[in-house]
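Data first, discussion second: the structure below is written as structure tokens.
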Amino acid sequence: MSKEFNAFEMAQRQFDAVADKLQLDTGLRDLLRWPQREYHFTIPVTMDDGSVKVFKGFRVQHNDARGPAKGGIRFHPQETVDTVRALATWMTWKCAVVDIPLGGGKGGVICDPHDLSSREQQALCRGWVRQVAPNVGPVQDVPAPDVMTNPQHMVWILDEYEKLAGGHFPGFITGKPVEVGGSLGRTEATGYGVIFTVREAMKRHGMSIKGVRASLQGFGNVSQYAAKLFIELGGMVVAVSCWDNDDQCAYTFRKLDGIDVEYLLSITSRFGTIDKEKAGENGYEVLEAEAWLEQEVEILIPAALENQITGDNVGRISEKVKVLAEGANGPTTPEADAVLKEREIFVIPDFLANAGGVTCSYFEQVQCNMNFFWPKEEVLDRLDQKMTTAFRAVASLSEETGEYMRDAAYMIAIQRVATACHLRGWA
Ligand code: NAD
């Protein structure tokens, strides 16, 4: 009987492999394989019909040796503590690889927000933070939005926390609306961050982005801003894809002389579906879902979902592709990854490529703690510096040691956390 996929077991296996390479001693391994702290709790919510429904919530702090734990809160019907543990672990490595002074955390509630009214969601958010308030905060653990949570949820959580704490602590939570202490540039941050790393990767290949072609999966937050900046830097995006709500399948939109992001946005519905007919009338070819993968381009950017490049379709990637930047989390299966490695495609791994989001969240926290907010240009300049420095460290280690980029990124991240634990005398 096949064993069910367990994200936390996978995170531990990834860690074990790198711990072997780094020859970490047993104490450090035992410490870093597990979360330092987890909170499991129930949240009673009075529903609109007067009944009381009890929801199950979690907060996991994987490691805070480098600074307060950082990570989102997910609302999901299939949430499990092992998913939350895995995501908290990956946050530890993501914050470490971009060298921000934060650890890794994640939270969740087993629920489907689509089944809850706005009032019920507000009660759930306030109930969540009442259960963990003593154990989170600007100097302990800083939450953020994640799957099915949004800036409004963050404001409700902040408001309840501030009532309990008796003051204003906007640095307690990130991903807030700009009107309540959010950072300018957060919307652009992840997509731009992906392109900062692509730009650096091209430099390593002796090329610039000028005149280079890219194909992207997705046309959401990450993909749109990645496409915008890529074009601004002189590149050409020949394809993007998106999910079609009416047809319940995805399509690729291709224009060989370059897509126009603003035009495509103008024909994208509020559910994120690009209008096929209008696109067709304006020179776009509407192709099948996976067509984005086989374009003759130098750069591929999966920026939609996990498990998209698999053993079955990796062979469709063109010989021309030089760099694959993982905008999405976990878009490449281990089977496909082995093929990319073999083909010597330069992969920028997800927890480095898409770390612009958490880096900007860190900037939001810093600005809130100072109660002084930076102009957008300053936020994006600092983001560029952080992403560029992080990319260069990983690429240099990869060059020096011959390690695959993903392995080099893990080595840097895990070594940084291990060193912090060691210096603190924990192991
Ligand atoms: P989003 O919801 O804004 O966009 C997702 C896009 O994927 C949409 O265009 C949707 O139509 C498309 N899509 C969905 N199913 C598809 C399919 N089967 N084929 C092709 N396209 C499909 O999400 P986002 O914020 O852009 O996030 C994209 C990925 O990046 C996710 O893996 C997310 O976890 C990761 N990520 C996002 C951020 C961030 O700050 N937004 C940060 C780090 C990582």
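Residue numbers count from 1 along this sequence. Ligands are counted one by one from 1 in listed order, and the atoms in each one are counted from 1 as well. Both backbone and side-chain heavy atoms feed into the values below; hydrogens, waters and symmetry mates do not.
Among all protein heavy atoms, the one lying closest to atom 39 (C) of ligand 1 is T190 OG1, 3.3 Å. In terms of protein heavy-atom proximity, atom 9 (O) of ligand 1 is nearest to F219 N, 2.8 Å. Among protein heavy atoms, the minimum distance from atom 23 (O) of ligand 1 is reached at N221 N, 4.5 Å. Atom 11 (O) of ligand 1 has as its closest protein heavy atom W243 N, 2.9 Å. In terms of protein heavy-atom proximity, atom 4 (O) of ligand 1 is nearest to G220 CA, 3.2 Å. Residue, atom and distance of the protein heavy atom nearest to atom 24 (P) of ligand 1 are V222 CG2, 3.8 Å. Looking only at protein heavy atoms, the nearest one to atom 29 (C) of ligand 1 is A304 O, 3.4 Å.
There is a protein heavy atom less than 4.0 angstrom from atom 7 (O) of ligand 1.
Counting heavy atoms under 4.0 Å from ligand 1, residue E306 does not touch it at all. Looking at A250 against ligand 1, only its side chain comes within 4.0 Å, counting heavy atoms.
Annotation: S223 places no N or O atom under 3.5 Å from an N or O atom of ligand 1; distance criterion only.
The pair R199-D384 counts as a salt bridge, with a side-chain nitrogen and a carboxylate oxygen less than 4.0 angstrom apart. The pair R126-D159 counts as a salt bridge, with a side-chain nitrogen and a carboxylate oxygen less than 4.0 angstrom apart. Checked for salt-bridge contact, K228 and E188 miss the test: no charged N lies under 4.0 Å from a carboxylate O. Ionic pairing of R85 and D82 is present here: one or more N-O contacts between side-chain nitrogen and carboxylate oxygen are shorter than 4.0 angstrom.
Side-chain contact check for K94 and N354: at least one donor-acceptor pair (N or O, by modelled atom type) lies under 3.5 Å. Side-chain atoms of Q14 and W90 include a donor-acceptor pair closer than 3.5 Å.
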* Kindly indicate, with the supporting measurements, whether the criterion salt bridge (charged side-chain N to carboxylate O under 4.0 Å, His left out) is fulfilled by E200 and R204. => CA-CA 6 Å; E200 293 305 306; R204 297 244 157 192; over 6 Å; no

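The closest approach between any non-hydrogen atom of A303 and ligand 1 is below 4.0 Å. For the ligand labelled ligand 1, residue R186 lies inside the 4.0 Å heavy-atom shell.
Of the candidates N354, L305, D244, N329, it is N329 that places a heavy atom closest to atom 33 (C) of ligand 1. The nearest non-hydrogen atom to atom 20 (C) of ligand 1, considering only G357, S241, G72, comes from S241. When the options A328, A144, G272, P302 are ranked by their closest heavy atom to atom 30 (O) of ligand 1, first place goes to A328.
When each of R59, R37, K70 is tested with D141 by the rule salt bridge (charged side-chain N to carboxylate O under 4.0 Å, His left out), just one qualifies, namely R59.
Listed by number with element, the atoms of ligand 1 under 4.0 angstrom from any heavy atom of C242 are 11 (O), 21 (N).
Within the 3.5 Å criterion, the main-chain N or O of W292 finds a donor-acceptor partner in the side chain of S215.
Aromatic pair F15/W34: centroids not less than 6.0 angstrom apart.
Using cut-offs of 30° and 60° for the angle between ring planes, the F169 and Y161 rings count as perpendicular.
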